[in-house]
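Everything below concerns the one structure shown next.
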There are 2 protein chains.
Amino acid sequence: MSRPLNLEEVGRRAGVSRSTVSRVVNGGSHVSSETKRRVEAVIAETGYRPHAAARSLASNSTGVIGLVIPSAVATLFDDPYFGRLILGISSATNDVSMTLALFLFGDGPDESSIISRVVTPGLVDGVIVTATTRGDPLIDHMQGTSMPFVVVGRPDNAGSTFCVDVDNRAGARTAALHLAGLGRRRPALIAAPSNTTAGVDRRNGFLEGLAEAGLSVESRISEGDWSQESGRRAMDRLLAERPDAVFVASDRMAVGALRAIREAGLDCPGDISVVSFDGIVPPDLTAPRLTSVVQPVTEVGERAVRLLTTVIGGASTPEHVVFPTELAVRESCGATPAAEPER
Amino acid sequence: MSRPLNLEEVGRRAGVSRSTVSRVVNGGSHVSSETKRRVEAVIAETGYRPHAAARSLASNSTGVIGLVIPSAVATLFDDPYFGRLILGISSATNDVSMTLALFLFGDGPDESSIISRVVTPGLVDGVIVTATTRGDPLIDHMQGTSMPFVVVGRPDNAGSTFCVDVDNRAGARTAALHLAGLGRRRPALIAAPSNTTAGVDRRNGFLEGLAEAGLSVESRISEGDWSQESGRRAMDRLLAERPDAVFVASDRMAVGALRAIREAGLDCPGDISVVSFDGIVPPDLTAPRLTSVVQPVTEVGERAVRLLTTVIGGASTPEHVVFPTELAVRESCGATPAAEPER
DNA sequence: GCCTCTCCTGGGAGCGCTCCCAACAATAGA
DNA sequence: TCTATTGTTGGGAGCGCTCCCAGGAGAGGC
């Protein structure tokens with residue numbers, strides 16, 4: 001009974017050949033129903049499962065997709081963003097019975113070894129790359145290989161890649177118009193790092209929206225690094241400029257900004273109206289609750305998987321999927337939520 | 001030039017056989033330095049990488065370990081716990097040049113399909129299972145297979161499994177003694193779900209510590225579900241009992257509890273001293289900053305990988321690794337941090 | 001009764017690797 | 001000079017699967 005449990009063995013027990021068992025396992029077409037029944041009985045009884053590596057080798061397809069999250073990982077996981085993204089991706093891979101392989105790397109020597117591991121033939125069928133910084137060498141590297149991949153976010157040279165992003169620019173513009181609509185006249189901006197495309201898009205969108213409303217940030221602008229602490233410091237600096245509103249390019253930085261406002265003895269939204277971006281920090285975590293531009297992170301992840309499967313399937317003309325954002329009006333901006341059917 | 005790039009082809013170009021190239025790729029012993037040099041040159045020039053599936057099939061080892069996180073995933077990712085755990089695991093798999101496969105499942109029909117996918121032969125070499133609930137059927141299922149696995153957390157039937165856990169009981173006991181040492185006499189408990197071993201251990205440890213100090217919770221006990229909102233409701237209920245201290249079995253619930261205290265017009269730590277468990281919420285997120293029993297989540301993850309590699313290597317006598325916790329004294333308990341060299 | 005067409009089934013070849021054994025050359029020892 | 005030993009190399013076998021082709025059985029048309 002120590003015979004290995006493979007197709008041949010299952011076939012032997014069911015009185016058929018390896019090939020017939022294989023056909024049953026793969027959907028059962030071109031097999032008589034009687035034979036199929038018998039083979040399935042043996043499979044159920046023995047608990048046979050096809051050997052993944054053998055299957056990958058023979059079919060040249062692994063059923064695994066990789067998710068690459070580069071650099072600065074330690075800080076990234078304090079941000080719920082990646083958790084949500086992984087959730088969406090995982091849910092989509094489950095739907096199509098694929099497995100998710102996670103490639104996280106901090107900076108350092110392991111970076112290059114992981115990059116090359118990602119493109120190892122026979123390991124994954126395709127890769128989802130999260131592009132956080134501009135000019136990320138990872139994207140260039142991927143383009144130099146034949147590994148199918150899609151980018152979550154907007155790389156600089158987006159033209160030639162498949163990518164899934166949210167409309168950061170439009171979302172930020174909406175935030176500007178919302179603040180202007182509330183009668184605020186001295187808006188400030190706590191921007192996200194300008195070496196990320198998301199940071200640039202949010203900044204530009206906000207400035208664009210202000211311009212449309214006849215407003216400007218003038219010198220009321222400061223840049224954070226996504227962290228809560230950086231938001232707090234940025235707000236501290238801005239307070240000297242006496243702003244009556246601030247758009248913070250991420251929820252986490254906004255939490256820090258709220259703290260700075262409170263510690264300066266000012267009131268939000270009374271003295272300063274706050275709108276943030278992400279919609280990812282649980283609203284009840286802050287007081288007042290944050291009004292923010294919500295991006296559909298989980299959907300982005302799901303969509304990235306679906307897009308990747310088409311690339312694996314042979315799609316070759318780059319496709320850019322852009323999700324809209326939605327403004328969730330709560331207390332921090334000073335508007336009465338119910339009175340605001342914003343878009 | 002459309003010849004497939006495999007061992008044979010690399011060998012052909014370097015004027016040696018498939019076997020010799022294989023030896024070079026795998027460390028280069030029993031190969032003359034001259035030959036080795038030539039082969040390495042060809043590898044560098046062609047960018048050859050061995051085919052993972054073929055290697056797995058031939059060597060019966062995939063270089064992949066699976067991480068299984070069962071049920072209720074959606075809520076879990078709002079908790080930094082799993083992010084940290086993944087970080088530790090990922091860092092350890094990188095160190096040993098292995099790949100991490102993530103199996104997340106919500107409840108529902110996909111649950112059983114994923115469970116069986118995890119034990120597919122030739123997919124992963126071993127699995128790390130996070131045991132959140134007592135009597136988790138997943139553990140039993142894994143024991144019925146020959147797949148090597150280790151559990152993060154303490155399953156009910158821990159005796160027969162390899163596991164890595166933190167000393168929840170001792171940590172909670174420390175919290176009790178700390179509160180007692182501050183002179184609090186009406187301690188309350190916001191417990192974690194009693195269908196989890198961590199919840200049970202933290203509850204028992206806290207009660208044990210109180211007993212040692214001659215105190216008791218009497219009816220000042222309420223159970224949450226790990227969520228912030230449940231912590232808030234639990235605290236609300238407990239306020240009627242006029243406690244002067246509360247131990248909250250998780251950081252997230254503690255954030256909710258602080259909110260309830262504030263909303264009731266009471267002061268923490270003035271009226272109520274708060275100590276929580278996890279040490280995972282960034283201290284600056286709350287005011288006052290939380291005193292909490294810190295568990296070394298990342299280290300647990302790293303250790304789980306190392307333990308799993310020994311199981312894959314053939315270790316057979318169950319090993320239980322238990323990490324100590326450490327009390328981080330901040331403002332919410334009312335002690336002066338510097339004055340407290342707690343253990 | 002013969003040929004064709006369809007349906008089902010079996011087995012060869014091959015995916016790219018590892019493992020093992022045999023062969024060979026060069027060197028040392030007797 | 002012959003044998004033993006070591007270091008290096010090549011190739012067969014096999015991992016478990018998929019893909020493809022060929023062959024047999026049965027049904028139907030002439």
Side-chain angles (χ1 to χ4, degrees), chain A residues 2-40 42-43 46-64 97 117 119-125 146, chain B residues 2-40 42-43 46-64 97 117 119-125 146:
Chain A
S2 68
R3 212 183 248 123
L5 185 59
N6 51 27
L7 278 187
E8 201 80 49
E9 171 64 11
V10 172
R12 205 186 56 77
R13 298 201 194 192
V16 296
S17 76
R18 172 171 48 88
S19 301
T20 299
V21 179
S22 172
R23 276 185 285 260
V24 171
V25 169
N26 293 295
S29 52
H30 298 283
V31 180
S32 74
S33 56
E34 160 58 17
T35 306
K36 185 172 172 181
R37 205 192 44 68
R38 224 170 48 237
V39 171
E40 283 172 341
V42 173
I43 290 177
T46 56
Y48 167 78
R49 303 226 73 215
H51 192 283
R55 192 174 236 185
S56 300
L57 178 59
S59 67
N60 198 29
S61 136
T62 64
V64 179
S97 293
R117 186 137 47 84
V119 297
T120 298
L123 182 59
V124 298
D125 290 337
S146 57
Chain B
S2 68
R3 212 184 246 122
L5 185 59
N6 51 27
L7 278 187
E8 201 79 49
E9 170 64 10
V10 172
R12 204 186 58 77
R13 299 200 192 193
V16 297
S17 76
R18 173 172 44 89
S19 301
T20 300
V21 179
S22 173
R23 277 185 285 259
V24 171
V25 169
N26 293 296
S29 52
H30 299 282
V31 180
S32 75
S33 57
E34 160 57 17
T35 306
K36 184 172 172 182
R37 204 191 44 69
R38 225 168 50 236
V39 172
E40 282 171 343
V42 173
I43 290 177
T46 57
Y48 167 79
R49 302 226 72 213
H51 192 283
R55 192 175 236 182
S56 300
L57 179 58
S59 67
N60 198 29
S61 136
T62 65
V64 179
S97 293
R117 187 136 47 84
V119 297
T120 298
L123 182 59
V124 298
D125 290 338
S146 56

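For the numbers below, each heavy atom of this structure counts, side chains included, while hydrogens, waters and symmetry mates do not. Every chain is numbered from 1 and lettered A, B, ... according to where its sequence line falls, protein lines coming before strand lines. Predicted model only: the values in this text are computed from it and were never measured.
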Expressed as a whole number of angstroms, how long is the span from [X]:[atom1] to [N]:[atom2]?
X        : N      : atom1 : atom2 : answer
A/Leu57  : D/dC15 : CG    : C1'   : 9 Å
B/Glu34  : D/dG7  : CD    : P     : 19 Å
A/Arg18  : D/dC15 : CZ    : P     : 12 Å
B/Arg55  : D/dG16 : CZ    : C1'   : 19 Å
B/Leu7   : C/dC19 : CG    : P     : 12 Å
A/Leu123 : C/dG16 : CG    : C1'   : 15 Å
B/Leu5   : C/dC15 : CG    : P     : 14 Å
A/Asn60  : C/dG16 : CG    : P     : 8 Å

Can you tell me if [X] touches the phosphate of [N], counting only side-chain N or O atoms and a distance under 4.0 Å to OP1 or OP2?
X       : N      : answer
B/Tyr48 : C/dC17 : yes
B/Ser59 : C/dT18 : no
B/Thr20 : D/dG10 : yes
B/Thr35 : D/dT8  : no
A/Arg23 : C/dC8  : no

Candidate nucleotides [options], ranked by approach to the side chain of [X] - the nearest:
X       : options                : answer
B/His30 : C/dT18, D/dT9, D/dT18  : D/dT9
B/His51 : D/dT18, C/dG16, D/dG16 : C/dG16
B/Ser17 : D/dG10, D/dT18, C/dG16 : D/dG10
A/Ser32 : C/dC8, D/dT9, D/dT18   : C/dC8

(request) Output yes when a side-chain donor or acceptor of B/Thr62 lies under 3.5 Å from a complementary backbone atom of B/Gly122, and no otherwise. (result)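 Absent.
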(message) I'd like to know if the side chain of B/Ser59 and the backbone of B/Arg55 have a donor-acceptor N/O pair within less than 3.5 Å.
(response) yes
(message) Are the side chains of B/Leu123 and B/Val64 in contact, using a 4.5 Å heavy-atom criterion?
(response)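 The answer is no, as the side chains (C-beta and beyond) never meet within the 4.5 Å cut-off.
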(message) Could you tell me if the side chain of B/Asn6 sits less than 4.5 Å from the side chain of B/His51, heavy atoms only?
(response) no
Would you mind classifying the nucleic acid contact of [X] as base, sugar-phosphate or nothing, using non-hydrogen atoms under 4.0 angstrom?
X       : answer
B/Ser56 : nothing
B/Asn26 : sugar-phosphate
A/Ser19 : base

(request) Please report the shortest heavy-atom distance between A/Leu7 and A/Ser22, naming the atom on each side. (result)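 Closest pair (atom of A/Leu7, atom of A/Ser22, distance): CD1-CB, 3.8 Å.
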